[in-house]
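Written out below as structure tokens is the structure these notes cover.
Convention: sequence-line order gives letters A, B, ...; per-chain numbering from 1.
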Amino acid sequence: MTFTSWRSLGTRTGYTEHSLAETLNGGQSFRWSLEENGVWRGTWNRCHVELRLRGSRLEWRTPEAAKVKRSEVERYLSLGESYAVACEELPWRSDPVLARAVERFRGLRILRQPFGETLFAFLLSSAKSIPQIKELCGKTAQAYGDEILPGVYALPTWKRLAEVPEKELRVLKFGYRAKYVSQTAKVLAEEPDFIEKLQETSYVEARSRLMELPGVGGKVADCTLLFGGSKLEAFPVDTWIAKVMSELYGLPDLNLEQMATFGRIHFGRYAGLAQQFLFSLVRQE
DNA sequence: CCGCAGCCTCCCCT
DNA sequence: AAGGGGAGGCTGC
């Protein structure tokens, strides 16, 4: 494959190697891999790009045949957003735990992934580690997705997934998640504008609609809305964040749903960004 | 309303 | 070395 030359995405993104790795490979997306030469390679929709950091300058390139636009990359990486403003608005001044996390992972941000792909990945996420989820996504793309470039496969659409028998997904080692994917695919196939309509509604409404889908509980709904729907007030509570709330915030008696509510109130409009900082913090320790 | 086992499979631990 | 327990969760009892 012939790539374009490296192009700058700016020198003021705030990214460090550390926070870039945490953003691309820290549990938001499962479609990035780090090559030996320090280059990140990732795929979303029909976009395929490489990223690297040269000092403070973030650079990208893409196979010429892929026809990826700079604006698509900027949007995906959420570069145009006022990231500094969001960080500034987080309550780190009165919250030493958050302050430590923000300091340690400066540059970490929330991606804007395709909604459908995000939903798919998080339907697979229960009781799975990041490498395992990546493996399942990769196998699914190869089995049912389009080959958008030689050897590069996009994830299949939900329409395509609706045609795949649950049994085949079990062969790919989806386990009990095969049923979630299969049944959700059927619902989405019957209601083609389900996802589109959902993105136009408020966080609260979108969350409860998403939770009607088989295999989607509060955590999966929040991850989908945060990483794939740009609902930055979503505060996903997994076992790691539960540990943070319990041990670092002194709230061991709240259940998961109560922790999610606490998070949205305590951290405010950008609770999801705070969650990602805290998630990186505990996961590292 | 709450808490818990079961679900697939893999991995880690003993 | 084989076998139990838990994993970035959801569902039904």
Side-chain angles (χ1 to χ4, degrees), chain A residues 21-32 101 105 108 110-111 113 117-140 143 161 164-188 206-229 231 234-249 251-264 267 271-285:
Chain A
E22 206 52 33
T23 301
L24 299 177
N25 207 27
Q28 297 188 55
S29 175
F30 305 94
R31 299 283 284 154
W32 288 90
F105 291 94
L108 172 67
I110 303 294
L111 297 171
Q113 300 178 80
E117 293 187 358
T118 311
L119 173 60
F120 173 75
F122 282 97
L123 268 179
L124 301 182
S125 69
S126 92
K128 285 284 182 198
S129 65
I130 291 171
Q132 292 173 323
I133 302 166
K134 285 171 76 168
E135 169 80 14
L136 289 181
C137 285
K139 283 199 290 190
T140 306
L161 284 170
V164 178
E166 181 187 322
K167 220 167 154 187
E168 284 191 27
L169 298 179
R170 288 190 180 255
V171 173
L172 293 185
K173 310 289 186 193
F174 277 39
Y176 60 85
R177 303 157 199 83
K179 189 162 67 178
Y180 298 162
V181 171
S182 250
Q183 293 185 351
T184 288
K186 289 194 176 76
V187 174
L188 296 181
R207 186 180 198 260
S208 76
R209 284 235 63 195
L210 262 183
M211 287 177 67
E212 292 168 14
L213 295 171
V216 180
K219 193 271 180 183
V220 169
D222 278 333
C223 285
T224 304
L225 290 169
L226 179 59
F227 307 133
K231 300 282 197 227
F235 190 81
V237 177
D238 56 33
T239 55
W240 291 95
I241 291 298
K243 185 177 154 70
V244 173
M245 292 293 113
S246 172
E247 295 175 11
L248 300 182
Y249 286 82
L251 300 168
D253 296 329
L254 299 193
N255 66 32
L256 299 181
E257 200 61 37
Q258 290 165 334
M259 288 179 178
T261 304
F262 169 83
R264 291 195 292 274
F267 297 108
L273 180 58
Q275 180 271 357
Q276 206 57 24
F277 277 118
L278 295 172
F279 181 71
S280 293
L281 185 72
V282 274
R283 217 166 55 95
Q284 187 187 50
E285 290 168 351

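Relative to the side chain of K128(A), the nucleotides dT9(B), dC2(B), dG8(C) differ in distance, and dT9(B) lies closest. Candidate nucleotides dG9(C), dG8(C), dC11(B) were compared by shortest atom distance to the side chain of Y180(A), and dG9(C) ranks first. With dC10(B), dC10(C), dG8(C) as the choices, the nucleotide that has an atom nearest any side-chain atom of V220(A) turns out to be dC10(C).
Residue contacts for K173(A): at a heavy-atom cut-off of 4.0 Å it reaches the sugar-phosphate backbone alone, with no base atom in range. If you check every strand for non-hydrogen atoms under 4.0 Å, L169(A) touches nothing. Heavy atoms of G215(A) sit under 4.0 angstrom from primed sugar atoms or phosphate atoms, though from no base atom. Within the 4.0 angstrom heavy-atom criterion, base atoms lie near F279(A).
Rounded to an integer number of Å, the gap from CD1 of I133(A) to P of dT9(B) is 17 Å.
L123(A) approaches V216(A) most closely through the heavy-atom pair CD2-CG2, 3.8 Å.
Stacking is not found between Y176(A) and the pyrimidine-like six-membered ring of the dC8(B) base under the 5.5 Å centre-distance and 30° plane-angle cut-offs.
Paired runs in DNA chain B that reach 3 or more consecutive Watson-Crick or G-U pairs, where each pair keeps both distances under 3.5 Å, cover B:3-7 with C:9-13, B:9-14 with C:2-7.
Using a 4.0 Å cut-off, no side-chain N or O of R177(A) falls inside it from OP1 or OP2 of dC8(B).
Going from the P atom of dC11(B) to that of dC10(C) covers 23 Å, rounded to whole Å.
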